[in-house]
Amino acid sequence: MINRIKELLQEVQEMKAANAEELEALRIKYLSKKGEISSLMNDFRNVAADQKREVGKFLNELKETTQNRINELKEGFANEQVSQDDIDLTRTAYPVELGTRHPLSIVRKEICDIFGRLGFSIAEGPEIEDDWHVFSALNFAEDHPARDMQDTFFIQHNPDVVLRTHTSSVQVRVMEKQQPPIRIICPGRVYRNEAISYRAHCFFHQVEALYIDKDVSFADLKQALLFFAKEMFGAETKIHLRPSYFPFTEPSAEMDISCNLCGGKGCPFCKYTGWVEILGCGMVHPNVLDNCGIDSNIYSGYALGMGIERITNLKYQVKDLRLFSENDIRFLKQFESAN
């Protein structure tokens, strides 16, 4: 009988079950009233008196081991069932709604995708900058108004450390480290010391593009601008370039597009002119190229920059800039379909 108990003990220790049904069958086989252990219990009365103590010890060990093994396998199946059918009773009864990208992120991605199709790659740089990369390298005069406290945030009253006022500083960093051809687009957040209102904010977002190579002309710039306008606002969009001034470009221009609300016919949004300004641009000033270690006698290039908030306003008719930074869920939910 002891040999039979040892055989069953070995079986129990190696016992496995693939599912709850197999486990129940094993329980019945070993622990039920007609099972193996019950049968041994019935035979125990026939064991000689001098062997009862030893046989009884093995029999109790078999019963305890079998019960523990059954419980162990059962617990494993219970944990598996919980992981498959876990229900969080603390969750709301309403379906969990999907989020949406911020409208500025949506427009930024669209702008980058458009210029990406023209061969531009994305370049990024620090938001805390020095005077050289934000102003001096870009041909700003020492007395330029942009250096004044009214326009620029200075760090710890240090006139050489500022929060960047434009992402042109990224262009400078790229030109210092890389020789042409250069074809980059620089998206990022910028800061200016302005009063917050529906039409202005102390921080906003820009995308600037830079292309430098041999024989780059204003005609190349115009074609890139026309392609961008049609891709962003529709195939019927027209562009209008007006002479302007920027320290880092010469010649410089501001670009208008035909109003996307009235189609250029005139409405309150475009002040009945049929045109809406969206960006500034121009040919990179030779001084900027020379400051960055690029020979202006060999290379030329164009640069352009636009406010992402401005493009978003035109695309989605958002009339208050403050909505972009207030995280009002009622405002953000409007862009669920724009992902």
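For reference, positions follow the sequence shown, starting with 1.
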Strictly under 6.0 Å, is that where the ring centroids of Phe228 and Phe115 end up? yes
I'd like to check Arg183 versus Ser121 (side-chain heavy atoms, cut-off strictly below 4.5 Å). Are they in contact? no
Side-chain heavy-atom pair Leu104, Glu309 within 4.5 angstrom cut-off: yes
Residues Cys281 and Leu304: closest non-hydrogen pair is CB-CB, 3.7 Å
Kindly compute the distance separating CD1 (Ile28) from CD (Glu36), expressed to the nearest 0.5 Å. 13.5 Å
Taking atom CD as the centre, does Glu64 end up with more than 12 heavy-atom neighbours from other residues, nucleotides or ligands that are less than 6.0 angstrom away? no
Measure across Pro187 and Glu124 and return the closest heavy-atom pair with its distance rounded to 0.1 Å. O-CG, 4.4 Å
Do Glu208 side-chain atoms and Ser168 backbone N/O form a donor-acceptor pair below 3.5 Å? yes
Is Asn139 reaching over with its side chain to a backbone N or O of Pro247, donor-acceptor style, under 3.5 angstrom? yes
Salt bridge present between Arg69 and Glu72 (N-O < 4.0 angstrom): yes
Given side chain to side chain contact (heavy atoms under 4.5 Å, CB included), test Thr165 with Asp151 step by step and report yes or no. CA-CA 8 Å; Thr165 58; Asp151 290 324; 5.9 Å; no
Ignoring hydrogens, what is the shortest heavy-atom contact between Phe153 and Cys202? Give both atom names and the distance. CE1-O, 3.9 Å
Nearest heavy-atom approach of Met255 to Ala229 is CE-CB, 4.4 Å
Say whether Phe135 and Val190 are linked into one hydrophobic cluster, either directly or through other cluster members, by side-chain heavy-atom distances under 4.5 angstrom. no
Is the shortest heavy-atom distance from the side chain of Asn313 to the side chain of Phe324 under 4.5 Å? yes
Is it true that Trp275 and Leu241 fall in one hydrophobic cluster, defined by side-chain heavy atoms closer than 4.5 Å? no
According to the interplanar angle, ranging from 0 to 90°, do the rings of Phe331 and Phe335 count as parallel (below 30°), tilted (30 to 60°) or perpendicular (above 60°)? perpendicular
Taking the side chain as everything from C-beta on, heavy atoms only, tell me whether Ile294 gets closer than 4.5 Å to Val284. no
Passing option when His133 is tested against Arg164, Glu176, Gln171 for side chain to side chain donor-acceptor pair (under 3.5 Å): Glu176
Side-chain touch Leu210/Cys186, heavy atoms, less than 4.5 angstrom: no
Within a reach of under 6.0 Å around NZ of Lys230, are more than 12 heavy atoms found that belong to other residues, nucleotides or ligands? yes
Within-4.5 Å side-chain heavy-atom neighbours: Tyr211 and Leu118: no
Intermediate values then yes/no, side chain to side chain contact (heavy atoms under 4.5 Å, CB included), Phe140 and Val134: CA-CA 9 Å; Phe140 280 81; Val134 176; over 6 Å; no
Show, in sequence, the C-alpha distance, side-chain angles and deciding distance for Asn68 and Thr65, and conclude whether the side chain to side chain donor-acceptor pair (under 3.5 Å) test is met. CA-CA 5 Å; Asn68 290 341; Thr65 301; 5.8 Å; no
Give the intermediate values and the outcome of salt bridge (Lys or Arg N to Asp or Glu O under 4.0 Å) for residues Arg27 and Glu24. CA-CA 5 Å; Arg27 188 194 67 78; Glu24 178 62 13; 2.8 Å; yes
Take Glu129 and Arg173, measure what salt bridge (Lys or Arg N to Asp or Glu O under 4.0 Å) needs, and give me the verdict at the end. CA-CA 11 Å; Glu129 270 288 9; Arg173 289 185 174 273; 2.6 Å; yes
Residues, nucleotides or ligands: over 12 heavy atoms within 6.0 Å of Asp215 CG: no
In Å, rounded to the nearest 0.5 Å, how long is the span from CD of Glu231 to OG1 of Thr237? 10.0 Å
With no hydrogens and no angle check, is any side-chain donor or acceptor of Arg310 less than 3.5 Å from a backbone partner on Ile278? no
Residue pair Met306 / Ile111, side-chain heavy-atom distance below 4.5 Å: yes
Does Met232 offer a backbone N or O that forms a donor-acceptor pair with the side chain of Lys315 under 3.5 Å? yes
I would like to know whether Arg192 and His166 meet side chain to side chain contact (heavy atoms under 4.5 Å, CB included); could you show each step before the answer? CA-CA 9 Å; Arg192 294 182 186 175; His166 47 201; 4.1 Å; yes
Going through the checks in order, is the side chain to side chain donor-acceptor pair (under 3.5 Å) test met by Asn71 and Gln67? CA-CA 6 Å; Asn71 291 339; Gln67 188 63 62; 3.3 Å; yes
Please verify the inter-ring angle class for Phe120 with Tyr302; under 30° counts as parallel, over 60° as perpendicular, anything in between as tilted. tilted
Between Asp113 and Arg117, is the salt bridge (Lys or Arg N to Asp or Glu O under 4.0 Å) condition met? List the steps. CA-CA 6 Å; Asp113 287 346; Arg117 296 198 291 274; 5.8 Å; no
With clusters defined by side-chain heavy atoms of hydrophobic residues (ILVMFWY) lying less than 4.5 Å apart, directly or transitively, does Ile106 cluster with Phe204? no
Show the numbers, then the answer: is there a side chain to side chain contact (heavy atoms under 4.5 Å, CB included) between Tyr299 and Met175? CA-CA 12 Å; Tyr299 298 103; Met175 286 189 286; over 6 Å; no
Give, for atom CD1 of Ile182 and atom SG of Cys292, the distance between the pair rounded to the nearest 0.5 Å. 8.5 Å
If two hydrophobic side chains count as joined below 4.5 Å and joins carry through other members, does Leu321 share a cluster with Ile308? yes
Side-chain donor or acceptor of Ser258 paired with backbone N/O of Lys238 under 3.5 Å: yes
If we check side chain to side chain contact (heavy atoms under 4.5 Å, CB included) with Leu332, which of these qualifies: Arg101, His102, Glu326? His102
Given the rule that I, L, V, M, F, W and Y join up when any side-chain heavy atoms are under 4.5 Å apart, are Val288 and Tyr245 in one cluster? no
Quick one: does Thr249's side chain have a donor or acceptor within less than 3.5 Å of a partner on Ser252's backbone? no
Heavy-atom side-chain contact between Leu163 and Ile155 under 4.5 Å: yes
